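Because the structure is a prediction, the values reported are computed rather than measured. Read the numbers this way: they start at 1 and go in the same order the structure lists the ligands and their atoms.
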Amino acid sequence: MIHIDGSFGEGGGQVLRTALSLATLTGTPLTLDRIRAGRTKPGLAAQHLTGVRAAATLCNAKVYGDSLGSQFLEFIPQSPPQPGHYRFDVTTAGSVSLVLQTILLPLALTPGESRITLCGGTHVAFSPSFPYIQEVYLPAIARMGVCAEVTLVKWGWYPRGGGEIQLRVTGGQPLSGLNLQDRGKFQQVRGLAAVTELPSHIPQRMANRAENRLREAQMKVHIQTSRQKGIAPGAGLFLTADYRNSTAGFSALGKQGLPSDQVADRACDALLEFHHSGAAVDVYLADQLLLPAALATSETHYHAQAISLHLTTNAGVIEQFGLAKIEINPAHNLVSVFPQ
Ligand SMILES: Nc1ncnc2c1ncn2[C@@H]1O[C@H](COP(=O)(O)OP(=O)(O)OP(=O)(O)O)[C@@H](O)[C@H]1O
């Protein structure tokens with residue numbers, strides 16, 4: 001039995017998700033208390049609860065404390081993760097990407113094919129947007145051996161949600177480590193300026209503004225515009241910066257009263273800050289790579305844009321499972337993961 005203090009480090013949802021992934025994969029019984037104690041509304045929110053239920057479904061876990069607002073959870077796996085066809089619905093605009101990240105590695109490391117439908121928020125703040133999962137996260141971990149692809153079926157923005165994605169995983173490949181210390185030469189920025197249920201000048205303005213800003217910075221850039229049907233209005237700009245050895249992702253979401261140009265500026269500012277940092281791995285991927293790296297059979301080394309509290313928190317949770325030793329050099333933003 002492993003006990004995790006949910007208030008550790010950041011004291012947010014990622015402590016729970018990483019612990020769930022590892023308990024599911026290793027069959028280790030887990031208790032967590034003070035879940036999300038660092039947040040203004042602590043305990044399990046809909047997204048976290050869906051993550052708990054999804055992980056429990058994969059390994060037939062006995063679960064206690066799986067209710068909204070619960071700050072305590074007991075999770076006792078009864079079998080190795082079972083590949084298959086599953087559907088999990090967050091029921092709110094809570095992020096489907098975070099549920100995906102909870103179950104992906106257990107499925108990727110178990111022989112067999114899985115098809116998962118995930119419903120909820122697909123493009124929501126403070127979480128990886130669908131394009132980030134598709135263009136940044138999955139390609140990075142594909143290089144480690146994770147064989148998975150995603151399809152967007154319906155857009156789901158905050159606050160309505162109602163989105164849907166499909167995840168397909170071919171499990172059973174061992175993972176290898178990654179060396180991302182040098183991003184290599186800049187190649188291009190690709191982008192998607194998208195709206196649902198809003199007029200076409202909005203994506204056009206976001207795209208024009210971003211293309212102008214990035215060309216001023218001497219970057220090669222191409223941004224597609226997209227106007228789709230949805231259950232609610234929503235807008236966003238999703239950018240990926242490709243370098244020879246790595247890809248980084250940045251996004252900004254529209255909201256009522258926020259001009260399209262400002263949405264574009266937010267995404268461009270984030271991209272340019274990364275570009276000027278010289279790092280190979282953006283601040284988000286830097287915390288998300290730790291889990292696959294810990295499960296690999298060889299070492300991983302990368303140059304992160306910054307060492308976030310998310311990253312150090314995730315490292316602490318992984319180390320409590322005894323799966324890897326993680327070294328962080330804050331002077332140079334270097335992260336090394338040594339699977340044990
Ligand atoms: N713009 C973004 N692009 C990609 N990933 C992101 C972005 N914003 C946040 N993330 C990622 O989303 C995850 C959020 O973790 P966090 O613990 O904050 O989750 P949470 O479940 O939303 O928790 P809480 O509500 O407790 O904050 C982290 O892995 C972080 O890197």
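For Tyr132 and Tyr137, the distance between ring centers is not under 6.0 angstrom. A centroid separation of less than 6.0 Å is found between the aromatic rings of Tyr243 and His275.
At a threshold of 4.0 Å, the pair Lys325-Glu327 counts as salt-bridged, since one of the basic side-chain nitrogens sits closer than that to a carboxylate oxygen.
Partners of Pro83 by side-chain contact (heavy atoms from CB on, under 4.5 Å), not counting sequence neighbours, listed by chain and number: Thr110, Ser114. By the salt bridge (Lys or Arg N to Asp or Glu O under 4.0 Å) test, Lys220 pairs with no residue at all, sequence neighbours left out. Taking Asp66 as the reference, Arg53 meet the salt bridge (Lys or Arg N to Asp or Glu O under 4.0 Å) condition, with sequence neighbours excluded.
The 4.0 Å heavy-atom shell around ligand 1 contains residues Gly12, Gly13, Gln14, Arg17, Arg36, Arg39, Gln47, His48, Leu98, Phe126, Ser127, Pro128, Tyr132, Tyr284, Asp287, Gln288, His310, ordered by chain and number.
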